[in-house]
2 protein chains.
Amino acid sequence: MAKCAKQKASPKGATKGKQYVFFFGGGKAEGDGTMKPILGGKGAGLSEMTSIGLPVPPGFVITTEVCKHFYENGKKYPDGLKEQVDAKLAQLEKVAGKKFGDPKDPLLVSVRSGAAVSMPGMMETILNLGLNDASVEGIAERSGNRRFALDAYRRLIMMYGSTAMGMERELYDHAFAHIKKTMTAPRLGLKEGDKIEDTMVNEQELEALIGEYKKIYKQGTGQDFPQCPMEQLWGSVNAVFGSWMAPKAVTYRSVEKITGLLGTAVNCQQMVFGNVGEKSGTGVAFTRDPSNGANIFYGDYLYNAQGEDVVAGIRDPIHLDELKKTDAKIYAQLCGVRKTLEKYYHDMQDIEFTVQDGKLFMLQTRRGKRTPQAAFKIAADMVKEKLITKEDAVARITEKDIQGLFYPIIDPKISPMELKRKRVAGGVDAVPGAASGQIAFSAPDAEAEAKKGKKVILVRHETSPEDVGGMYVAQGILTATGGKTSHAAVVARGWGKTCVCGCSKLNIDYKTKTMIVGEKTYKEGDWITLNGTTGEVFDGQMSLVAPEPPPEFKLILSWADKIRRLKIRTNADTPLDARKARELGAEGIGLCRTEHMFFKDFEIPEDSEKRQLAIQEMILSETQEDRKKALQKLLPFQRRDFVGIFKAMNGLPVTIRLIDPPLHEFVPKSPAEVEKLSKATGITPETIDARSDQLHEANPMLGHRGCRLAVTYPEILEMQVRAIIEAAIICAKAKVKVMPEIMIPVVMDPKEYKLLDEQTRAVAAEVMKEQKTKVDYMVGTMIELPRAALLADKIAENAEFFSFGTNDLTQTTCGLSRDDAGSFLPAYTDEKGAAILKADPFEVLDQDGVGQLVKMGLERGRAGRAATAKAAGMPDKKAWLKVGICGEHGGEPKSVGFCHRIGMDYVSCSPLRVPIARLAAAQAVVAEGAAKTAPAKKAAPSKKAAKKK
Amino acid sequence: MAKCAKQKASPKGATKGKQYVFFFGGGKAEGDGTMKPILGGKGAGLSEMTSIGLPVPPGFVITTEVCKHFYENGKKYPDGLKEQVDAKLAQLEKVAGKKFGDPKDPLLVSVRSGAAVSMPGMMETILNLGLNDASVEGIAERSGNRRFALDAYRRLIMMYGSTAMGMERELYDHAFAHIKKTMTAPRLGLKEGDKIEDTMVNEQELEALIGEYKKIYKQGTGQDFPQCPMEQLWGSVNAVFGSWMAPKAVTYRSVEKITGLLGTAVNCQQMVFGNVGEKSGTGVAFTRDPSNGANIFYGDYLYNAQGEDVVAGIRDPIHLDELKKTDAKIYAQLCGVRKTLEKYYHDMQDIEFTVQDGKLFMLQTRRGKRTPQAAFKIAADMVKEKLITKEDAVARITEKDIQGLFYPIIDPKISPMELKRKRVAGGVDAVPGAASGQIAFSAPDAEAEAKKGKKVILVRHETSPEDVGGMYVAQGILTATGGKTSHAAVVARGWGKTCVCGCSKLNIDYKTKTMIVGEKTYKEGDWITLNGTTGEVFDGQMSLVAPEPPPEFKLILSWADKIRRLKIRTNADTPLDARKARELGAEGIGLCRTEHMFFKDFEIPEDSEKRQLAIQEMILSETQEDRKKALQKLLPFQRRDFVGIFKAMNGLPVTIRLIDPPLHEFVPKSPAEVEKLSKATGITPETIDARSDQLHEANPMLGHRGCRLAVTYPEILEMQVRAIIEAAIICAKAKVKVMPEIMIPVVMDPKEYKLLDEQTRAVAAEVMKEQKTKVDYMVGTMIELPRAALLADKIAENAEFFSFGTNDLTQTTCGLSRDDAGSFLPAYTDEKGAAILKADPFEVLDQDGVGQLVKMGLERGRAGRAATAKAAGMPDKKAWLKVGICGEHGGEPKSVGFCHRIGMDYVSCSPLRVPIARLAAAQAVVAEGAAKTAPAKKAAPSKKAAKKK
């Protein structure tokens with residue numbers, strides 16, 4: 001290789017210690033696909049393509065570990081790196097048969113960034129490194145195409161200046177335009193406005209341009225353009241590593257929640273040229289149609305061009321079908337590559353290639369991005385083609401693929417520009433989908449407008465159980481506070497209703513029924529559109545499109561069902577939801593919240609007010625007698641609700657949670673509501689207000705709620721259990737198979753649980769005696785406080801099942817209020833910040849912390865119950881503690897995987913997430929299998945590393 | 001024994017199975033002192049006195065296990081009980097040489113209740129059982145004293161009717177008064193108003209009275225007074241067991257927090273009579289003076305009387321000193337008993353005895369209650385007398401003994417009646433002691449009035465850090481809400497300032513500065529008196545008395561210091577508190593809260609307002625720059641505070657916690673404060689209000705607080721660390737030995753801790769570089785969230801110490817807000833309720849639940865740090881994770897014991913609790929020793945039981 005004055009020679013034999021540079025070329029590669037974390041996606045792909053015999057220009061990869069070292073050591077490289085690069089460069093020269101910096105026949109190389117995850121925003125490419133004033137003439141001579149050589153040189157100066165040295169690219173573009181305008185146009189006699197293609201610029205003009213570029217470079221950097229190829233190379237390498245922490249790259253990772261990467265790798269590869277004549281060209285292709293998954297070869301090709309020209313859209317490319325006609329040989333060769341790659345990767349690939357003088361070179365292969373529809377079709381087709389197994393098919397469908405099939409989206413025909421123009425605010429993408437409607441600022445308003453047939457968006461500062469009626473009729477929900485597990489988000493998710501939360505820019509004034517966002521004021525009845533998938537709010541009405549699941553959806557989920565061991569239940573509070581979830585594959589209800597029934601009659605809307613008044617009367621009661629009277633009014637409503645749900649779930653278990661929220665959530669808040677209640681009950685507004693004040697709590701999450709209500713007001717539990725058992729008996733008499741599981745929430749102590757368990761069974765026994773009918777039922781508890789998890793063995797002595805309420809368990813274990821965490825949690829999950837937490841623990845179960853308690857609770861619970869059962873001589877069925885999860889995490893794939901691994905019986909999630917959970921449960925099984933066979937595979941690179949020592 | 005028609009004869013040889021009845025008499029006893037749980041205190045004492053040769057009338061004890069069985073089996077007795085009683089009764093007849101029910105020379109017995117803990121409120125005594133119409137004449141004949149026999153019989157009817165059958169005692173008293181008035185008085189020619197002693201009533205009159213009593217009995221019970229002695233006996237036994245669950249007994253146990261008892265025992269014992277002439281009598285005595293502990297024989301004696309007469313105060317008794325003169329023989333015999341008992345029990349005893357015809361009988365011995373002063377003196381004296389060891393002395397001093405020495409009390413001369421009359425409300429006994437003062441309804445008002453030299457009681461709905469200035473100058477604090485760990489209680493306890501919390505009867509109106517309690521209205525400036533020891537509020541001013549610790553206090557605590565292994569630190573925020581705590585034996589500060597300094601300048605009161613404005617300005621800052629500017633103003637104040645504290649603790653470690661509460665606690669609340677701040681900062685009131693609203697949190701306990709503030713606003717941490725290190729350097733230069741330990745609160749994650757640890761060390765290094773002075777310091781964290789305990793191993797990789805914040809850890813582990821738990825927690829700790837929890841977990845550390853996390857946190861933390869230190873080759877000192885506790889539990893004896901057992905290095909508590917903690921730490925060591933030697937001792941009764949099988 002060439003040595004310049006600026007470069008020190010490497011001491012001989014210095015390539016010791018850790019391998020930081022991996023070579024590929026000549027049909028062999030030091031790296032492979034399993035080394036993606038350290039080679040990056042591009043480097044791993046190039047290595048692998050080389051190994052499997054595809055035509056890849058030779059080169060080497062500097063690993064992501066170097067990037068990590070670079071940032072952890074004040075931007076210094078590890079010892080020995082330079083020597084390793086020198087050695088690999090020498091190897092490259094040998095394979096290429098050219099010398100880097102050779103003025104006669106120089107080796108030219110490209111330098112490209114490449115992390116393990118594709119990441120726009122990072123510095124990407126510098127081409128033609130190795131050219132200088134001398135070697136450009138060598139290339140000219142050897143290629144017999146001086147224009148091409150000059151063009152390559154001017155590209156290098158521009159790319160190096162703009163990309164490596166951080167100058168404005170526009171400076172170079174201006175100079176090019178100026179040359180075209182002042183030299184090329186007059187020479188060709190073009191008029192102003194005529195397009196001047198780059199190819200029209202001739203040698204003389206390119207020479208002039210190179211001169212201009214050099215001047216610009218010197219002005220921008222204070223130095224001459226480096227003539228030393230090694231300086232060019234290291235300058236480019238430095239730039240790639242430097243770009244890893246550039247603001248736009250950091251922002252991209254933060255937005256896309258990409259964490260855990262070591263850094264970027266640097267790929268240095270011999271140049272091939274698609275722009276050396278009409279027998280040359282460059283192309284990009286997908287091995288199948290990424291929009292619908294059809295098994296066709298899909299791509300574009302541009303004659304006589306470099307890759308960057310395709311991206312820049314300088315000329316219109318042709319479809320691959322045309323290439324078949326114009327260059328059948330290359331096309332056939334590409335078809336072979338396509339087949340080889342799919343056979344090797346067992347997946348649809350996104351490839352880049354260049355043809356130089358009729359010779360094909362592969363420059364990149366990676367997994368092809370695809371639409372949800374395509375994802376299902378490709379996976380199903382590949383099983384048919386025996387390219388992959390059913391397990392593989394199940395494993396590669398993602399959460400987003402499923403989500404994309406169920407939620408309406410804003411019409412894709414609406415241009416991004418228009419969307420940008422109409423965007424008024426951004427918030428938390430709480431529930432995906434899209435919704436358009438007219439603003440209502442209160443639940444009653446929303447209900448009134450919806451009754452008139454209007455489409456409504458309910459806009460609230462935050463929502464409470466009192467608002468569920470309005471939420472239910474709304475198209476979508478928008479709140480100013482709260483995150484993905486706020487009340488609004490949780491309830492809306494249960495209904496698959498679009499929701500944008502925590503939109504702090506909203507300034508809502510309930511009194512005037514207006515909302516100010518930035519400079520715009522919205523009043524009641526104004527149209528807005530929500531995109532819950534992105535968390536955006538748009539001005540006005542937009543047309544929405546409902547996607548249609550492809551036929552392969554059911555097929556692949558049926559495979560998942562056969563693979564998985566976890567049962568999938570749903571969180572549903574109404575017969576409608578229960579039916580919907582059942583259609584989507586739910587095998588029971590894991591959480592039926594009873595408190596929403598206090599506010600909303602989901603079947604007979606006229607009864608909603610009666611329910612509200614009865615619950616409020618109950619709360620305001622001063623004596624137990626009054627309270628019982630009010631509860632008596634609620635009983636028939638609850639019973640009717642349960643009958644509806646039992647019928648919908650005929651034959652499947654239904655877990656009903658007794659009342660959970662603190663009572664003050666039910667008391668009327670507005671003066672109008674207070675007055676209404678006063679009229680209905682005869683209690684003075686002052687007394688109502690006073691009672692409300694009395695019920696106020698400093699930290700309601702840790703207050704008088706859940707089973708604590710049952711401890712202090714046993715009559716509430718009595719009414720609810722009575723309603724459940726009476727409903728079960730009604731159903732049983734109607735030949736509906738009922739399997740109620742009564743769940744006691746917020747338990748913190750074994751004695752507390754035992755007391756309420758006994759009360760529950762006593763009421764059930766009484767009702768069955770009255771009705772002279774027996775029904776099977778279970779009694780169990782939610783584990784949602786750390787103390788309950790710690791004492792799970794003792795609680796399970798009496799409880800027949802556990803359901804982990806991981807929302808609350810996360811709140812208490814981490815000391816985080818999900819209503820308030822929005823003000824500081826972003827600083828914890830943001831990579832720009834400290835990246836303290838891997839993810840928002842309310843979205844993805846915190847396996848490190850909360851997960852310990854879940855595991856402990858499950859293990860202790862199972863052991864405690866088994867020991868008690870053994871001592872009492874119970875049958876095996878009774879001795880098994882059934883364990884599930886009903887927090888929001890029950891529909892999140894990583895969390896479902898955790899639930900599988902620790903041995904839960906089921907997960908429960910909102911109806912629309914049931915397919916995601918079915919899939920995730922199966923994926924967990926597949927991953928288990930993969931883990932078993934993995935060691936041999938994974939050991940490969942380390943074996944190699946071992947040999948080198 | 002006598003058989004009546006109503007009693008079935010017992011089948012012979014039926015005394016099988018478990019022993020339920022234990023005999024004592026004739027110098028031997030089947031039970032002993034270790035069996036107190038099943039024999040009760042009285043039964044154990046009688047058995048033991050019998051064994052050691054004291055003259056005890058023979059009898060037997062029916063165990064507390066029978067009581068337990070009785071309640072667990074629908075008020076049925078265990079099989080074999082009747083037979084066992086019959087057998088023991090036969091044994092008693094043999095020893096006594098008399099037969100039960102013998103009409104000529106009947107055995108008479110008493111029946112007394114007796115649980116393991118003395119418990120007024122339970123049925124206590126029925127005497128003279130065995131008397132009936134026939135045997136009363138037998139007794140008359142044998143004793144030669146018919147009047148005595150008749151008197152004994154009328155007493156039996158009255159006691160049996162009122163005590164066993166639950167009739168009103170007054171019915172009998174009226175009849176007696178009527179006889180006295182209509183028969184005795186005319187006979188003796190007494191005038192109305194002359195006192196008629198019982199002894200004046202003659203035989204005829206007693207006969208008439210017995211007739212009346214029988215009529216009353218029949219009217220009340222519908223049955224004749226039982227003539228069958230066995231029926232009398234079982235009626236009495238039933239009554240004793242029945243009284244265990246009588247409302248007043250249940251209430252007593254609930255109030256006194258007596259739990260874990262099996263029930264009451266029943267003592268059946270041969271009667272002895274102190275009322276058979278002038279050579280007879282009855283007495284009660286203490287083996288030392290219970291008021292001051294002096295080693296003198298202290299007691300009263302009543303000639304010719306039964307024990308109940310002493311209690312009833314029918315005649316004035318004589319002091320024991322007089323008995324010495326009047327009956328030297330009995331006195332000498334009693335002195336022998338006194339010596340024997342103290343030697344046997346190694347403690348001061350409270351005894352009851354009767355002299356029958358010049359013969360001494362011991363009826364009871366139990367540990368004598370004593371004043372705190374006496375407790376110290378007796379313990380110290382007994383060590384001198386070699387009756388007990390120093391360890392014993394330390395072990396027997398209680399928390400209450402120490403408390404009684406330090407807090408002022410309401411003048412004991414004020415009569416209970418007057419106290420009752422003046423009592424206006426009751427609340428939570430948050431901080432003991434008493435205080436009188438004039439009401440102030442706001443902190444500024446309190447400060448203004450105090451400045452004028454007035455004594456102030458601060459009355460608030462609840463307090464917040466903003467109120468500390470007013471709290472500091474107040475004599476005492478009264479709040480309407482909150483419990484023993486509310487802000488008011490915690491802060492007041494730190495200062496040893498009387499506090500009554502959660503006084504829900506208060507109706508405070510801040511606007512009109514009035515408070516309505518029941519029907520009475522108090523306005524600002526009105527006098528009230530608080531008794532924090534009982535939680536009572538009294539009308540008007542009362543004189544208070546300050547107790548003085550006896551000289552033995554220091555002595556016994558010096559022994560405790562030598563025994564204990566735990567270090568004792570204090571929670572102190574001011575130099576004054578620090579000095580006070582040091583005087584009381586504190587060996588460092590375990591928690592110095594920095595946030596109170598933001599509101600109050602404890603040394604230069606004029607600076608308080610400047611501090612407040614600066615902190616509020618900081619919070620309202622919109623940019624980091626503004627925030628830094630405001631923090632710059634706070635820096636000198638904080639530095640000065642720390643200098644003061646370091647000087648006070650010269651040579652001892654000081655743990656300083658960085659800012660902990662959520663910022664909204666600091667924003668001004670009243671319009672006047674908002675205006676003041678607006679004027680000072682130029683920020684509009686609207687903006688201030690808006691920012692306050694923005695900071696509002698749904699669950700502030702789980703919100704943006706603790707180190708989360710440091711994560712989002714690193715400049716706050718920077719200012720505080722700078723103030724600490726600058727202060728340390730100032731002190732070091734003045735030859736004050738400083739040992740600052742910087743504590744980061746509310747940590748939930750190892751990465752979070754590491755980030756802040758690094759920031760802290762960076763600031764410290766910077767300051768030391770600036771000042772060219774090095775000081776030693778440590779950085780560590782509070783473990784107050786379950787997640788921190790679970791991940792303690794990783795946190796300890798960087799943290800040098802842990803301090804368990806068990807207040808918050810209890811809140812999150814149990815899901816209990818200490819501000820709100822008052823509305824339902826009583827239902828959990830009340831024995832009347834479910835008795836779910838052993839104690840309020842905010843008072844006594846919940847070892848079952850929270851304790852698991854504390855132990856886990858400590859063990860994992862120590863292991864994690866040791867492993868890291870080993871890997872890093874740290875010195876041993878650095879490898880040891882120092883662990884303490886700084887929650888309220890640090891001054892609670894049971895919790896201190898737990899901290900000792902799991903191996904903490906220190907506990908930290910409020911200054912006045914330091915002596916309690918010193919003692920408790922020593923007691924934990926003593927208990928450990930006792931546990932080691934205990935097995936042999938404890939095995940004794942079971943050995944006996946084994947023999948019987």
Side-chain angles (χ1 to χ4, degrees), chain A residues 462 481-482 504 662 694-706 708-709 711-712 746 748-752 754-756 784-791 794 808 811-821 823-825 827-828 833-837 841 846 848-850 852-853 856, chain B residues 462 481-482 504 662 694-706 708-709 711-712 746 748-752 754-756 784-791 794 808 811-821 823-825 827-828 833-837 841 846 848-850 852-853 856:
Chain A
E462 67 210 341
T481 63
S504 53
Q694 215 183 332
L695 288 171
H696 170 82
E697 294 188 307
N699 297 289
M701 181 51 53
L702 310 175
H704 194 182
R705 53 179 289 245
R708 294 163 191 178
L709 294 167
V711 168
T712 49
V746 199
M748 65 166 163
D749 187 84
K751 273 196 189 169
E752 177 189 46
K754 185 166 184 260
L755 175 84
L756 300 175
E784 50 190 330
L785 296 176
R787 196 174 193 273
L790 292 164
L791 299 174
K794 299 216 167 54
D808 279 8
Q811 295 199 83
T812 44
T813 304
C814 304
L816 285 176
S817 160
R818 63 183 187 194
D819 294 320
D820 304 313
S823 66
F824 58 89
L825 206 53
Y828 277 74
I836 292 167
L837 299 175
D846 159 40
D848 293 343
V850 179
Q852 281 195 47
L853 285 177
M856 200 183 285
Chain B
E462 66 209 344
T481 63
S504 52
Q694 215 184 332
L695 288 171
H696 169 82
E697 294 188 308
N699 296 288
M701 181 51 54
L702 310 175
H704 193 182
R705 54 179 288 247
R708 294 163 191 178
L709 294 168
V711 168
T712 49
V746 199
M748 66 166 163
D749 187 85
K751 273 197 191 169
E752 176 190 46
K754 185 165 183 259
L755 174 84
L756 300 174
E784 49 191 330
L785 296 176
R787 196 173 193 273
L790 292 164
L791 299 175
K794 300 219 168 54
D808 280 6
Q811 295 200 85
T812 44
T813 304
C814 304
L816 286 175
S817 160
R818 65 185 187 191
D819 294 320
D820 305 314
S823 66
F824 57 91
L825 206 53
Y828 278 74
I836 292 168
L837 299 175
D846 159 39
D848 293 343
V850 180
Q852 281 195 47
L853 284 177
M856 201 182 284

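The model shown is predicted, which means the values in this text are computed figures rather than measured ones. Basis for what follows: all heavy atoms, side chains included, without hydrogens, waters or symmetry-related copies. Just so it is clear: chains get the letters A, B, ... in the order the sequence lines come, proteins before strands, and each one is counted from 1.
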Q) Considering only heavy atoms, which portion of B:Asp848 lies under 4.5 Å from any heavy atom of chain A: side chain, backbone, both, or neither? A) both
Q. Does a side-chain heavy-atom distance below 4.5 Å link B:Leu756 with B:Val711?
A. yes
Q) Quick one: of B:Asp846, B:Val746, B:Leu695, who has the most non-hydrogen atom pairs under 4.5 Å with chain A? A) B:Asp846
Q | Residue, of B:Gly849, B:Cys814, B:Gly703, B:Pro662, that accumulates the most heavy atom pairs under 4.5 Å with chain A | A | B:Cys814
Q) Which region of B:Asp808, side chain (C-beta onward) or backbone (N, CA, C, O), has a non-hydrogen atom less than 4.5 Å from a non-hydrogen atom of chain A, or is it both or neither? A) neither
Q.
Using 0.5 Å steps for rounding, measure from the CG atom of A:Leu825 to the OG1 atom of B:Thr712.
A. 11.5 Å
Q | Heavy-atom pair count under 4.5 Å with chain B, highest-scoring of A:Leu785, A:Leu816, A:Leu709 | A | A:Leu816
Q. Distance from A:Leu790 atom CG to A:Leu853 atom CG, nearest 0.5 Å?
A. 6.0 Å
Q: Name the option with the most non-hydrogen atom pairs under 4.5 Å to chain A; the candidates are B:Met701, B:Glu697, B:Arg708.
A: B:Arg708
Q. Does B:Glu462 reach the side chain of B:Asp819, with side-chain heavy atoms less than 4.5 Å apart?
A. no
Q | Max heavy-atom pair count under 4.5 Å with chain B, selected residue of A:Met748, A:Lys794, A:Glu784 | A | A:Met748
Q. Considering residues at least two apart in sequence or located in another chain, which fulfil the side-chain hydrogen bond (donor to acceptor under 3.5 Å, both in side chains) criterion with B:Ser823?
A. none
Q | Note, B:Leu791 side chain near A:Gln852 side chain (heavy atom, < 4.5 Å) | A | yes
**Q.** Pick from A:Glu752, A:Gln811, A:His696 with the largest number of heavy-atom pairs that fall under 4.5 Å of chain B
**A.** A:Glu752
Q) Heavy-atom distance under 4.5 Å between the side chains of A:Asn699 and B:Asp820, does that happen here? A) yes
Q) Using non-hydrogen atoms only, which part of B:Ala821 is less than 4.5 Å away from chain A: side chain, backbone, both, or neither? A) neither
